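To start, the structure under review is shown below, and the notes come after it.
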Amino acid sequence: MKSVIFLLYFMIFTAESHADFYQGIRQMGMGGAAIAVVNDETSLLLNPIGLGRLREPYITIVDPEVTVGSKSVATASNLIMSATDIEEVYPELSGNTDRYFARTQIFPSYVDRHYGGGFLMKSELTATRSSVDQTVDMNYVSDMAAVLGFNKSFYGGVVKVGMTGRWVDRVQYRGTLDPTVSGLDTNQFAVQGAGLGADLGLSLSSPTAWLPTFSLMAKDIGDTSFTMSSGSRSALTTSDPEKVPMTLDVAVALFPIWARSTRGTFTVEYDDVLETGDAVRKLHAGMEINLADRLFFRGGYNRGYITGGFEWNMPFIQLQLAYYGEEVGTDDNPIKEERYALKAVLRF
């Protein structure tokens, strides 16, 4: 018990704010809330406690996921596999003053109830061309990450702890490009580096019918820096990718069972509890209706906007869809961006 109290103390008094390393399609369909309810291979990326909810071990062979902004669909469709390739996207932005967003990711993995591992490949690109001077603000991140995680239960599952470690090779560019630039070479302007990151999860559950659960998730313990290696790709690095500071998220959840083949999930999550800021932008709430483990209907509230999701689950294949709104503006000028996500999973 002393070790659990120390873990709780450590997680509460060492957190700052940062953008998420990973966002999953089930998570975003449920309003961005995940740490108290995740129950599949993405537990390795969101909260290793979720490994303890697996019914059996399995291997995910491929699980390609694509997310695009509502104003980016046409451009991303034209590029298809190059939707997050900064060199391919840039020429398509000529004369376009709207915001472009696309993210692609794949996470082949193996998971069991107490441990697992996988390899994440993710690229994300946001770009906006100014209507005033035609400059382009770009934010580009490309990650390759090897991830290992485990969890352990105490007191009959009332207390669960878990930890995930990862090696991340990151290529990054954040800046403003002059409109006279006719083409881009990522090797000439992006920075890259590699480093170790770790997450720590704690869950407390009451052994009652609806299994009320409280979860804490410390992400990027001690901060994640990319200074241990220059990385494995060919970007000409003059500096390192930005350090990712530690955060602490909290969540509560309920898991009612309405009938033999009908179950529900309800959760509320709050980002960066020790960091000041707009509470609305930190709040996530989600729900899921599970019909016989075959059909899943999801909805939620993500930072002020409504979300929705659907999943069709077959023995070895899953098809998932999600819609959500993301706040991309400022406190004085809030801007909603609608995003659509599609994922197909093959696993055994």
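Throughout, residue positions are numbered sequentially from 1 according to the sequence presented. Bear in mind the structure is a predicted one, so any value in this text is a computation, not a measurement.
- A distance of 5.0 Å separates CZ in R103 from CD in E124, rounded to the nearest 0.5 Å.
- Side-chain N or O atoms of R170 include none that pairs as donor or acceptor with a backbone N or O of G193 at under 3.5 Å.
- Side-chain atoms of N302 come within 3.5 Å of backbone atoms of G325 as a donor-acceptor pair (strictly under, hydrogens ignored).
- Other residues, nucleotides and ligands contribute more than 12 heavy atoms inside 6.0 Å of the CG atom of L346.
- Under a hydrophobic clustering in which Ile, Leu, Val, Met, Phe, Trp and Tyr are joined whenever their side-chain heavy atoms come within less than 4.5 Å, directly or via other members, F316 and L319 fall into the same cluster.
- In this structure the side chain of R99 reaches within 4.5 angstrom of the side chain of T126, judged on heavy atoms.
- We find the CZ-NZ distance between F154 and K160 to be 11.5 Å, quoted to the nearest 0.5 Å.
- In this structure a side-chain-to-backbone donor-acceptor pair under 3.5 Å is present from R113 to G52.
- The two residues A251 and I35 make their nearest non-hydrogen contact at CB-CG1, 3.6 Å.
- Heavy-atom minimum distance, A218 versus M246: CB-CE, 3.5 Å.
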> What's the verdict on side chain to side chain contact (heavy atoms under 4.5 Å, CB included) for M144 and F119, showing C-alpha distance, side-chain angles and the deciding distance?
Replying inline: CA-CA 7 Å; M144 297 192 302; F119 187 77; 3.9 Å; yes
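- Electrostatic pairing of D249 and K219 counts as a salt bridge here, judged by a charged N lying under 4.0 Å from a carboxylate O.
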>> As a quick check of understanding, evaluate side chain to side chain contact (heavy atoms under 4.5 Å, CB included) for N39 and R26, giving each step before the final call.
In response: CA-CA 10 Å; N39 60 3; R26 178 178 184 246; 3.5 Å; yes
>> Quick one, D169 with Q192, criterion side chain to side chain contact (heavy atoms under 4.5 Å, CB included). Give me CA distance, side-chain angles, the key distance, then yes/no.
In response: CA-CA 7 Å; D169 183 326; Q192 74 168 342; 4.1 Å; yes
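- Across all non-hydrogen atoms, the minimal contact from V345 to Q320 is CG2-NE2, 4.1 Å.
- In the hydrophobic clustering of ILVMFWY residues, with side-chain heavy atoms under 4.5 Å counting as a link, W167 and L46 come out apart.
- Contact check for M121 versus D143: no side-chain heavy atoms found under the 4.5 Å cut-off.
- Looking at I289 and M287, their side chains come closer than 4.5 Å, going by heavy atoms from C-beta outward.
- Sequence neighbours left out, the pairs with a member in residues 250-264 that pass side-chain hydrogen bond (donor to acceptor under 3.5 Å, both in side chains) are R263-D293.
- Using a cutoff of 4.0 Å between basic side-chain nitrogens and carboxylate oxygens, D271 and R303 are scored as salt-bridged.
- Looking at E242 and R174, a side-chain N of the basic residue comes within less than 4.0 Å of a carboxylate O on the acidic one, giving a salt bridge.
- With K282 contributing its side chain and D272 its backbone, the two residues share a donor-acceptor pair below 3.5 Å.
- D137 and T176 form a side-chain donor-acceptor contact under 3.5 Å, judged by distance and modelled atom types alone.
- Note on R294 versus E311: no salt bridge recorded, every NZ/NE/NH1/NH2 to OD/OE distance being 4.0 Å or above.
- Using modelled atom types and a 3.5 Å distance limit, the side chains of E338 and Y305 yield no donor-acceptor pair.
- There is a path of hydrophobic side-chain contacts, each under 4.5 Å, that joins I317 to L295.
- For the pair E41 and S109, the tightest heavy-atom approach, listed with the atom from each and the gap, is CB-OG, 3.4 Å.
- Using a 4.5 Å heavy-atom cutoff, the side chains of Y324 and T67 are in contact.
- P48 has its side chain out of reach of F150: every pair of non-hydrogen atoms, C-beta onward, lies at least 4.5 Å apart.
- Between the S43 side chain and the D40 main chain, a donor and an acceptor come within less than 3.5 Å of each other.
- Remark: the backbone N or O of A33 is not paired with any side-chain donor or acceptor of T267 at under 3.5 angstrom.
- The distance from atom CG of D112 to atom CG of L54, rounded to the nearest 0.5 Å, is 7.5 Å.
- One N or O on the side chain of D278 and one on the backbone of V280 form a donor-acceptor pair closer than 3.5 Å.
- Both L120 and V111 belong to a single network of hydrophobic side chains, linked directly or stepwise wherever heavy atoms of I, L, V, M, F, W or Y lie under 4.5 Å apart.
- Between Y115 atom OH and L148 atom CG the span is 12.0 Å, to the nearest 0.5 Å.
- Under the 4.5 Å side-chain criterion, counting only non-hydrogen atoms from C-beta, Y100 is not in contact with T128.
- Grouping the Ile, Leu, Val, Met, Phe, Trp and Tyr side chains by contacts below 4.5 angstrom, directly or via other members, places L51 with L45.
- Stacking of R339 on the aromatic ring of F101 is recorded, both the 6.0 Å distance cut-off and the 45° axial limit being met.
- T307 approaches G31 most closely through the heavy-atom pair OG1-N, 3.0 Å.
- Not less than 6.0 angstrom separates the ring centroid of F296 from the ring centroid of F310.
- Between F255 and A36 the shortest heavy-atom distance is CZ-O, 3.5 Å.
- For the residue pair Q172/Y140, the side-chain donor-acceptor check at 3.5 Å is not satisfied.
- Annotation: side chain of M30 is in contact with side chain of T265 (closest heavy-atom distance under 4.5 Å).
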Side-chain donor-acceptor pairs under 3.5 Å in residues 194-205, sequence neighbours left out?
from	atom 1	to	atom 2	distance (Å)
D199	OD1	R166	NH1	3.4
D199	OD1	R166	NH2	3.3
D199	OD1	D220	N	2.8
D199	OD2	R166	NH1	2.8
S205	OG	T213	OG1	3.1

> V147 and T164: side chain to side chain contact (heavy atoms under 4.5 Å, CB included), yes or no, with the steps?
Replying inline: CA-CA 7 Å; V147 185; T164 303; 3.2 Å; yes
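- K122 forms a cation-pi arrangement with F21, by the criterion of a distance under 6.0 Å to the ring centre and an angle within 45° of the ring axis.
- Salt-bridge annotation for K336 and E327: absent, with no side-chain N of the basic residue lying under 4.0 Å from a carboxylate O of the acidic one.
- Counting heavy atoms from C-beta outward, Y340 and V66 have side chains that stay 4.5 Å or more apart.
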